[in-house]
Enquirer: 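Submitted below is the structure of interest, expressed as structure tokens.
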Amino acid sequence: MSRGPLRWLVVAVVVLFAGTATLVVLLSRAAIELASADDAIANGSVPSIVALQTMRADVQQQHALVDEWVLGAPGDPAVRAAKMDALARELTVNRHAYLAQPRERGDRPIRRALESSLTRFESLLDRARAQPPGAGANASGVMYEVDAAVGEAGNALVRATDFSADQAEAAAGETLRVSRTLLPWAVVLEVLSVAAAAVTIALTYRAVHRADALADLSRVALEHKTDELEAFAGRVAHDLLSPLMTVGLGIDLAHRRDGALDAGTRAALSRASSTLQRVRGFVSDLLEFARAGAKPPPGVHTQVDEVVREVAAEFEPIAHNANVDLCIEEVPSCDVRCSPGVLTSLLSNLVQNAIKYVADSEVRRVVVRTRDLGNEIRVEVEDTGPGVPPSDQQRMFDPFVRGPGAAGPGIGLGLATVRHLAEAHGGHAGVRSEPGHGAVFWFSVPYAA
Amino acid sequence: MPDILLVDDDQDLAATLADVLRDLGHVVRIACDGWAGLAALDERFPDLVLLDIEMPELDGPGMANQMFVRDCGRERIPILLVSGFLDLRAVAKRIGTPYSAPKPCELDWLLRIVDRALAEKVAPEPQADRPIAGAP
């Protein structure tokens with residue numbers, strides 16, 4: 001991704017986060033404000049109004065009952081007295097309930113007026129009840145005062161009720177105000193966040209698309225490189241190996257006509273011949289390594305047991321000469337996804353190595369066996385050689401790395417070629433070994449479909 | 001005295017191999033590409049053609065094809081492919097000859113194949129379903 005779109009992506013992501021975070025903060029604060037307004041209505045104004053209304057009813061009922069008491073209305077005075085006591089208790093309860101409500105700003109004079117008018121009403125009520133039932137005109141003085149106190153208490157209760165109602169209205173108004181203020185901001189932030197999210201998605205999609213295109217490009221480049229490598233290998237084979245053959249033939253020809261040669265010249269020719277042999281081996285190794293990365297052609301397959309038999313037959317005399325016991329365990333008859341040449345090369349490399357490195361050991365045995373791994377077959381070559389130290393086990397498969405104490409010809413491409421070939425065919429290659437207890441070199445190749 | 005036609009664009013290799021074969025008592029002619037090889041065949045038929053694959057003008061498989069097209073006995077001459085071409089065996093299979101030797105190879109080994117071809121004289125049998133294609 002180039003710097004321009006990347007900058008825009010960063011900006012879009014920042015806007016998205018900032019917008020979402022602001023929206024969350026705004027909504028949280030609004031929720032707190034709305035909750036406090038609701039709380040004021042539900043737990044402040046409403047219970048106050050209920051208590052005040054009940055007290056108003058209590059005062060009016062008390063007023064009626066005390067009238068009946070003084071006028072000596074029909075009915076049992078004791079029952080009336082009990083009713084009046086009950087009402088007085090209810091009034092006290094409701095007074096406490098009202099006073100227990102949280103204080104509102106500016107409610108002090110209202111509460112004070114209510115308190116004093118109710119106290120006055122209660123004391124006058126007590127005085128009126130001290131009159132004997134049916135006192136009539138004798139109690140008219142007290143009754144005037146009771147009437148006035150009832151009016152005063154009633155007014156105080158109405159004012160307190162109005163005040164609480166005003167408080168509730170103000171809280172409701174606050175709720176509305178918060179909602180109205182928040183809505184446009186919420187809409188703007190939401191739109192901004194959605195836009196930022198859209199930009200983020202678009203830029204990310206573009207980036208992924210471009211990454212895909214790049215991956216395609218590099219795959220094509222890799223295939224092209226493989227083709228080039230093939231062509232290079234072909235050219236090397238033709239242009240380098242053919243002249244080497246001419247040199248070899250020249251030396252052979254000289255050997256064949258050696259009647260005219262002295263001993264020194266013959267020795268020099270022998271050295272030239274063996275050097276040439278080595279150079280040919282190197283070039284062949286390089287060629288094989290260069291070609292090892294090529295993918296197998298579609299549909300190619302090879303019978304494993306046939307190749308194992310052929311390789312065993314090829315190496316039997318070599319193993320015999322090196323005094324090595326070459327054992328082939330039973331190999332199942334199955335097809336794998338590679339050409340016979342590739343399988344031969346894989347197995348030959350491992351068997352050749354094993355024979356080479358086992359040669360100085362006391363017990364000289366090389367065992368070839370296979371293991372079924374479900375999707376692929378693993379071919380193992382076990383030897384009784386000196387083994388491979390753990391530190392060298394991974395490095396062994398790198399190009400141009402030779403085994404410890406390697407003396408014979410070779411440039412260290414054998415195992416690199418094995419891994420390269422196995423991986424190009426969808427398999428793997430590796431080694432497990434304990435120094436002093438031999439080594440098991442293996443490769444795996446997928447079964448043919 | 002076996003008569004051998006050597007068709008190879010590598011003049012040094014051809015000359016050296018010719019020397020070796022002549023030392024063994026063979027009659028050897030050299031042609032530097034497919035067309036020159038066909039002209040040599042017009043002169044007389046050899047007992048064996050040692051044929052390179054990659055050559056300018058007309059390559060080895062192209063010459064083998066022409067030997068079939070021009071027939072009159074040319075198609076019965078055994079061919080030994082000697083080439084550094086990587087898929088040598090595949091080309092040998094397409095031409096239908098049982099004789100092939102990679103470049104480079106041991107001289108003794110090459111001479112054994114030459115002797116075998118001269119003794120067996122197995123004529124090439126190109127695959128019917130596929131034309132003999134030249135080297136890519």
Enquirer: Atom CG of residue position A:N375 - does it have more than 12 heavy atoms of other residues, nucleotides or ligands inside 6.0 Å?
Expert: no
Enquirer: Looking at CG of A:D252 and CD of B:E106, how far apart are the two atoms once the value is rounded to the nearest 0.5 Å?
Expert: 7.0 Å
Enquirer: Should A:R256 and B:L24 count as side-chain neighbours, where that means a heavy-atom distance under 4.5 Å?
Expert: yes
Enquirer: Check whether any side-chain heavy atom of A:T246 lies under 4.5 Å from a side-chain heavy atom of B:Q11, and answer yes or no.
Expert: no
Enquirer: Considering only distance and modelled atom types, tabulate donor-acceptor pairs under 3.5 Å from the side chains of residues 267-275 of chain A, sequence neighbours left out.
Expert:
| unit_1 | atom_1 | unit_2 | atom_2 | d |
| --- | --- | --- | --- | --- |
| A:S270 | OG | A:R266 | O | 3.3 |
| A:S274 | OG | A:R271 | O | 3.1 |
| A:T275 | OG1 | A:R271 | O | 2.8 |

Enquirer: Please name all residues satisfying salt bridge (Lys or Arg N to Asp or Glu O under 4.0 Å) with A:E380, sequence neighbours left out, ordered by chain then number.
Expert: A:R369, A:R371, A:R378, A:R432
Enquirer: Once you round to the nearest 0.5 Å, how far does CE of A:M245 lie from CG of B:L107?
Expert: 7.5 Å
Enquirer: Could you note down all residue pairs passing side-chain hydrogen bond (donor to acceptor under 3.5 Å, both in side chains) where residues 18-35 of chain B supplies at least one of them, sequence neighbours left out?
Expert: A:R257-B:D23
Enquirer: Are there residues of residues 36-48 of chain B whose heavy atoms fall under 4.5 Å of chain A's heavy atoms? If so, which?
Expert: none
Enquirer: Is it the side chain or the backbone of B:L111 that comes within 4.5 Å of chain A heavy atoms, both, or neither?
Expert: side chain
Enquirer: For A:E316, is the CD atom crowded, meaning more than 12 foreign heavy atoms sit under 6.0 Å from it?
Expert: yes
Enquirer: As an exercise: rank B:L110, B:D8, B:T16 by heavy-atom pairs under 4.5 Å with chain A and give me the winner.
Expert: B:T16
